[in-house]
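Below: one structure, written as structure tokens.
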Amino acid sequence: MGEVHVNGTAKLNSKANSNGIAALGSNNHRGLWFEEEIEDDLRWVVLHTGISEFQDIALVESGPFGKVLILDGKLQSAEADEFVYHECLVHPALLYHPNPRNVFIMGGGEGSTAREALRHKSVKKVVMCDIDKEVVEFCRAHLTMNHEAFHSSRLDLVINDARAELEERQDKFDIIIGDLADPVEGGPCYKLYTQSFYERVVKPRLNAGGILVTQGGPAGILTHSEVYSSIFNTLRQVFKYVVPYAAHIPSYSDSWGWIMASDHPFAQVSVQETDSRIKQRFDSELRFLDGETLSATLALNKHVRQTLAGETHVYTEESARFVHGHGAAHSAQS
């Protein structure tokens, strides 16, 4: 994933200079407006930047990728291909479950994960718990593709730390989804990838037969050992059955990994059965995922499979691994 760095102190109503650069914002936000046309259909325009209590926020307009959400310098999702990430994150676990009725989302502030979970006819309730109110409110206002999800009567939006929320709740869930930011040093999320968190907080909140699925970071040939293999091995210490899978996402310039985990075995499901379940459970077709595509995502290449099989690192707060970058907001406040 590429990084976008935006610096400068903001002032309201500034005009762009000859290079297309102008500061904007208020005393509560630092921001920059920037536009550069690289070729006919490739330009980057910074629409909004700010800093919340927890992280730097930027919304960028790019030609081929549309609106791009960036947190702590890390691209989170791009309008043009976010459906690849979110369909892969959400639907395999829900399709493997025989009758998913309630879903808990850790993170997911932009609303796309909730949008996909709500597409399942069987789902009666989705709890979306994100720590950063400013990110949630910003995405609710600016990401029009998720307006319907944010206004759904089946969505329970909670602003809280996911660990604290799960520890406080008494109810259990068929599916728990980790749509958390990448583990970066000083960021708000790395503690939610640890063995103790999965074992003591997440697992007790799953119903019998329940499934945890989490994003696991870059999973390409050159990047899968940063955090993906460690998260996989950590889940392997907590759950009886762990299934890794990956797909290429153009805006990330890499393959991306996800991991499902459960104490209930994942039964072999044919391409035809997967397609049948999608037809039964959805009112409309998915854009990316079908039986053949799901089968392909589960077929990791030999190099990645060998790394995962031999991984011994267990993710703890003391032995955390991080992807490149840092938690800019946290660092600024410390």
Side-chain angles (χ1 to χ4, degrees), residues 1-6 38 41-47 55-92 107-113 115-116 135 139 143 145-146 177-185 187 189-190 193 213-232 244-260 286-289 293-294 296-301 303-304 307-308 321-328:
M1 292 190 297
E3 291 192 44
V4 177
H5 299 282
V6 182
I38 301 169
D41 191 36
L42 182 55
R43 62 166 50 186
W44 295 86
V45 182
V46 179
L47 303 174
Q55 53 206 330
D56 274 334
I57 309 164
L59 185 69
V60 175
E61 175 67 43
S62 72
F65 295 126
K67 292 178 181 177
V68 175
L69 178 67
I70 299 163
L71 300 179
D72 275 344
K74 295 293 185 181
L75 190 153
Q76 300 300 303
S77 68
E79 194 173 29
D81 62 7
E82 59 83 15
F83 67 94
V84 178
Y85 171 91
H86 290 104
E87 287 188 14
C88 286
L89 172 66
V90 174
H91 299 310
E110 69 185 271
S112 299
T113 298
R115 179 196 71 213
E116 293 301 319
V135 169
C139 292
L143 300 183
M145 60 195 174
N146 296 330
I177 301 173
D179 186 17
L180 300 162
D182 297 337
V184 295
E185 191 167 7
C189 294
Y190 78 92
Y193 291 96
V213 59
T214 183
Q215 78 95 7
I221 291 288
L222 302 179
T223 56
H224 67 281
S225 60
E226 290 181 356
V227 294
Y228 185 55
S229 59
S230 175
I231 296 169
F232 166 79
Y245 58 106
H248 180 73
I249 300 179
S251 61
Y252 290 178
S253 300
D254 205 349
S255 293
W256 210 253
W258 303 269
I259 306 161
M260 293 185 290
L286 300 177
R287 296 176 65 187
F288 179 76
L289 208 64
T293 307
L294 178 56
T297 67
L298 293 167
L300 300 178
N301 65 70
H303 184 60
V304 173
T307 299
L308 266 58
R321 289 182 180 176
F322 303 105
V323 298
H324 178 70
H326 63 280

If you take all heavy atoms of S253 and H248, which pair is closest and at what distance? C-CE1, 4.2 Å
May I ask you to test the [X]-[Y] pair for a side-chain heavy-atom distance under 4.5 Å?
| X | Y | answer |
| --- | --- | --- |
| V135 | E110 | no |
| I231 | I259 | yes |
| P250 | F65 | yes |
| Y252 | P218 | no |

For residues H91 and H86, establish whether the separation of their ring centroids is below 6.0 Å. no
Single hit among Y193, Y228, Y85, W258 for side-chain hydrogen bond (donor to acceptor under 3.5 Å, both in side chains) with Q215: Y193
[atom1]-[atom2] distance between [X] and [Y], expressed to the nearest 0.5 angstrom:
| X | Y | atom1 | atom2 | answer |
| --- | --- | --- | --- | --- |
| T214 | L180 | OG1 | CG | 6.0 Å |
| L71 | Q55 | CG | CD | 4.5 Å |
| Q76 | S251 | CD | OG | 10.5 Å |

Charged N to carboxylate O below 4.0 Å: is that the case for R115 and E82? yes
Using atom types as modelled and distance alone, determine if a side-chain donor or acceptor of E116 lies under 3.5 Å from a backbone N or O of E87. no
